[in-house]
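Here, residue 1 is the first one in the sequence, and each next residue gets the next number. Quick caveat, the model's predicted, so the values are computed rather than measured.
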Amino acid sequence: MWIYQLVFGLFVVSFCEGKQNGNALQDYQKTDGVRLVVASPDSSLLTESKKRSLAKCAKACSRNKIIPFNCRAFLYDHTNRKCQWLSFDTRSPGAQSQQDFNYQLYQKKDYVRECIVGTGESYRGRRSTTVSGIRCQAWASPIPHEHNFMSKRFRKKDLRENFCRNPDNSSVGPWCFTTDPRAELRHQQCGIPQCSQVECIHCNGEEYRGPMDHTESGKECQRWDLNDPHKHQYHPKRYPDKGLDDNYCRNPNGRHKPWCFTTDPNTPWEYCDIKVCETSPKSNVVETTECYQGRGEGYRGTVDVMPTGLICQRWDSQYPHNHTFTPQAYPCKDLRENYCRNPDGREFPWCFTTDPRVQTMFCTNIPQCGTQNNPVSDCYEGFGENYQGEQSRTRSNLPCAPWRDRNNSGERGVQIGGLEGSYCRNPDKDKHGPWCYTNNSAVPWDYCHIKPCGGLQINIPPAELSSVGCFVHKRTRIVGGGPVGVLDGSWMVSIQKGVPDLSEYRVWLGVLDIGEGAPDWSKRQEVNIADVICGPEGSSLALIRLSKPALPADNVHTLQLPVAGCSIPEGTICKMYGWGETKDTGHDDQLKAVDLPIVSNVRCREMHRGNLHITNTKICAGGKRNEGVCERDYGGPLVCQDGEIRVIVGVSVHGRGCARANQPGIFINVPFYTQWIYKVFKYYPNPDIV
């Protein structure tokens, strides 16, 4: 099933409370493709094997209850679900590492890292000299210093040999008795560093790969490869270059400094307190000024205007948008003036805008390096049906597939024989311009990033607007059925977001009230989103495909699409729906509807005093004070009715103010894009889900 929705439409954030995290894997450092073996016969290096799940294998090693020795590490064979517990680790004498891609090696971090968190009471490393270089006295020996740490009550403190330990939880950290007989040197701290001090951070710490695994408040970090207690998108396999090892603090998304998800179900994430480097950083980012490479994180040019003409807001300004991307917070990101930048690793360079209604926009007018000198036509005339340039990439930078692969296939309802190469073309006279096929199964075809000559979209003069009606009346016969009441607004959906990952977005259907304690929440349907397809250039539309069909019900219905290119007569009363701002008129968080008269584009332009360029891609409705579109309504439908037939003719967009008198609301003209909607239905993957 597909649902239209503005890209900048309403997203209602909902956070789900996680369950208590008790995963034993938190204690371990994982190494892929490594097997630990005994290099020579040694009776002290013991192993034990059984078939276990990974979680049970880790738990058994941590608890040491069913294993006849002190478990320090384990090997796991995922293919055979085999667990092998080890009494040794990589630092144990006689142990040897071997490459074996069938195994993963898990070692208790307390045994293999030479740093501490807090007082270091759990430190189990092999340091055996003090901070001043004196060799430690063996814990089992009373010479040269007698002590009480040989009693059984300290047997769980791992007082082996003469290794530094902290059995009494001293505030100085791990220590030992020394081999120096002088009384003043009876014992001394070992100077084992805090994990937060082992490796420092440059800039915002994107390159930090140190061993810190606790937050500023002392909470333990959640492993990046786990979704418990907090689900998230930052998994090591998805971001292999971000250093998301174990549960160490990292900065995969360009925040102020390294952070992590926590094992506290009530605290999703926190920053980590890590030492800042005193020396200047050595950046691996290639800086460019005329184009961008990759995601544009190294772009240092001076573009400060969006393709739409909007000017960027200065990075050191908090007006009109408050934000945290200040030059002081991101000292290495060159946040000068109001130039487009990418301080947080988004898809392209971007900026805040000077329009209070539009917070951020991508600077898609910056060319990608290597493509700006392509011999392409600068623009196309008409619909671009005669375009003969050499642009061969889509607007999302996907390479075009050769036309010969689709010759005479009849796809998109057109014979394309005779087209050569893989250049952008418009053989079916698509009114949105040249396009091409791709070899990407998720995006089988898309429009190309080519502008119409003159920089404006094709505009049909008002006198030539279509007289075609928008309604299609059909009589349907149902055998053995009964009447189904259509609840007003039952076609509305609420898009819910749990974490910043498309797979975690979901759509609520049948919800007419999104406030706390809403009475109809129990009747809602919840469906995940499978895909989002962006609309033609400048449309601000997107189609959302659900992962499974919605079930028709008294509170879940569909709307008809209008006839392509149709128009609604001026003065027709239609309804606008939304959950947005009410300006103290009541019913906050409840779905509301308001009657709005259709206003012609000519009159609408006059009522806005010529300040808005209203083409045939837009329609207008309303104009009465306190009745119209307001904040959080953006993306809502304008629905017209003829008898029992309801048709969506508009999608609300940012206007001038909130339901002002004599300033009609502005809507995307859905009939102008109906042809594109039908093409997406027909030619994108899984067209049977409609």
Side-chain angles (χ1 to χ4, degrees), residues 27-31 36 39 42 44-45 61-62 64 69-73 86-97 105-151 154-200 209-214 218 220 245-249 273-275:
D27 302 332
Y28 295 88
Q29 174 182 294
K30 183 178 76 170
T31 308
L36 202 58
D42 189 333
S44 65
L45 303 184
C61 187
S62 295
N64 273 313
F69 51 79
N70 183 31
C71 183
R72 297 191 203 172
L86 311 175
S87 68
F88 51 93
D89 55 65
T90 51
R91 303 188 64 203
S92 300
Q96 182 177 343
S97 298
L105 171 63
Y106 289 85
Q107 303 180 89
K108 289 182 178 177
K109 287 190 287 187
D110 290 335
Y111 285 92
V112 295
R113 67 179 178 185
E114 286 298 334
C115 65
I116 61 173
V117 176
T119 62
E121 188 179 16
S122 63
Y123 173 76
R124 296 296 182 267
R126 303 180 69 86
R127 179 78 64 88
S128 58
T129 56
T130 69
V131 68
S132 61
I134 304 173
R135 186 169 178 271
C136 291
Q137 172 183 321
W139 293 96
S141 171
I143 300 173
H145 304 289
E146 293 186 358
H147 60 87
N148 296 322
F149 289 94
M150 293 185 289
S151 65
F154 293 103
R155 65 178 181 272
K156 292 185 178 180
K157 300 298 183 178
D158 191 52
L159 303 182
R160 293 180 293 124
E161 303 184 29
N162 64 335
F163 301 139
C164 299
R165 294 292 184 263
N166 194 359
D168 58 348
N169 197 24
S170 170
S171 60
V172 301
W175 57 275
C176 68
F177 294 102
T178 77
T179 52
D180 190 317
R182 288 177 289 179
E184 64 270 21
L185 294 175
R186 171 180 168 80
H187 55 76
Q188 202 173 68
Q189 62 176 309
C190 294
I192 299 173
Q194 291 286 327
C195 290
S196 61
Q197 305 294 306
V198 171
E199 185 176 324
C200 61
R209 298 296 182 267
M212 187 58 181
D213 59 5
H214 281 68
E220 185 181 12
D245 302 317
D246 302 313
N247 65 333
Y248 300 128
C249 301
D273 188 12
I274 301 172
K275 180 177 68 173

- request: For R165 and E121, run salt bridge (charged side-chain N to carboxylate O under 4.0 Å, His left out): C-alpha distance rounded to whole Å, both residues' side-chain angles, the deciding distance at 0.1 Å, then the answer.
  value: CA-CA 7 Å; R165 294 292 184 263; E121 188 179 16; over 6 Å; no
message: The test is side-chain contact (heavy atoms from CB on, under 4.5 Å); show your working for L86 and L36 and say whether it passes.
response: CA-CA 9 Å; L86 311 175; L36 202 58; 3.9 Å; yes
Salt bridge (charged side-chain N to carboxylate O under 4.0 Å, His left out) between D89 and R72, intermediate numbers included: CA-CA 6 Å; D89 55 65; R72 297 191 203 172; 3.6 Å; yes
task: Report the C-alpha distance between H214 and Y248 in whole Å, list the side-chain angles of each, state the deciding distance to 0.1 Å, and finish with yes or no for side-chain contact (heavy atoms from CB on, under 4.5 Å).
output: CA-CA 8 Å; H214 281 68; Y248 300 128; over 6 Å; no
statement: All heavy atoms of C115 vs all of I192, minimum pair found to be CA-CG2, 3.9 Å
- request: Quick one: do R135 and T178 satisfy side-chain contact (heavy atoms from CB on, under 4.5 Å)? Show the steps, please.
  value: CA-CA 6 Å; R135 186 169 178 271; T178 77; over 6 Å; no
Minimum-distance pair of heavy atoms, taken over all atoms of T119 and N166: O-ND2, 2.9 Å
- line: All heavy atoms of T179 vs all of C136, minimum pair found to be CG2-O, 3.5 Å
task: Fit a plane to each ring of H147 and W139, take the angle between them on a 0 to 90° scale, and name the class: parallel (under 30°), tilted (30 to 60°) or perpendicular (over 60°).
output: perpendicular
- prompt: Is the closest side-chain donor-acceptor distance between N64 and K156 under 3.5 Å?
  reply: no
- request: Find the distance between CG (D245) and CG (D213) and round it off to the nearest 0.5 Å.
  value: 12.0 Å
message: Please confirm whether the ring centroid of F149 lies under 6.0 Å from the ring centroid of W175.
response: yes
Donor-acceptor pair, side chain of D246 and main chain of K30, under 3.5 angstrom: yes
message: Using the side-chain contact (heavy atoms from CB on, under 4.5 Å) criterion, which residues pair with D273? Sequence neighbours excluded.
response: E216
field: Parallel, tilted or perpendicular: ring planes of Y106 versus Y28, cut at 30 and 60 degrees
entry: perpendicular
field: Separation between SG of C164 and CZ of R126, rounded to the nearest 0.5 Å
entry: 12.0 Å
- request: Give the minimum heavy-atom separation between I116 and G173, together with the two atoms involved.
  value: CD1-CA, 4.5 Å
field: Separation of R209 CZ from C249 SG (nearest 0.5 Å)
entry: 12.5 Å
query: How would you list, by chain and number, every residue that makes a salt bridge (Lys or Arg N to Asp or Glu O under 4.0 Å) with D180, sequence neighbours excluded?
result: R182
message: Just so I know, are the side chains of L185 and I134 near enough to count as touching, which here means a heavy-atom distance under 4.5 Å?
response: yes
- prompt: Roughly how far apart are R186 CZ and Q137 CD, rounded to 0.5 Å?
  reply: 8.0 Å
- prompt: Are any side-chain N or O atoms of Q29 and backbone N or O atoms of V112, one a donor and one an acceptor, separated by less than 3.5 Å?
  reply: no
- request: Please assess T90 against Q107 for the test side-chain hydrogen bond (donor to acceptor under 3.5 Å, both in side chains), listing each intermediate value before the final yes or no.
  value: CA-CA 8 Å; T90 51; Q107 303 180 89; 3.0 Å; yes
- prompt: Any side-chain heavy-atom pair from Y111 and N70 closer than 4.5 angstrom?
  reply: yes
- request: Using the side chain to side chain donor-acceptor pair (under 3.5 Å) rule, collect all pairs that involve residues 188-197, keeping only residues at least two apart or in two chains.
  value: T130-Q188, S132-Q188
field: Side chain proximity check, M212 to N247, heavy atoms < 4.5 angstrom
entry: no
- request: May I ask you to test the H187-H145 pair for a side-chain heavy-atom distance under 4.5 Å?
  value: no
query: Do the side chains of C61 and K108 get nearer than 4.5 Å, heavy atoms only?
result: yes
- request: Enter the distance from S97:OG to L105:CG here, rounded to the nearest 0.5 Å.
  value: 7.0 Å
query: Are any of the side-chain nitrogens in D158 or R160 under 4.0 Å away from the carboxylate oxygens of its partner?
result: yes
field: Check SG atoms, C176 and C190, less than 2.5 Å apart
entry: no
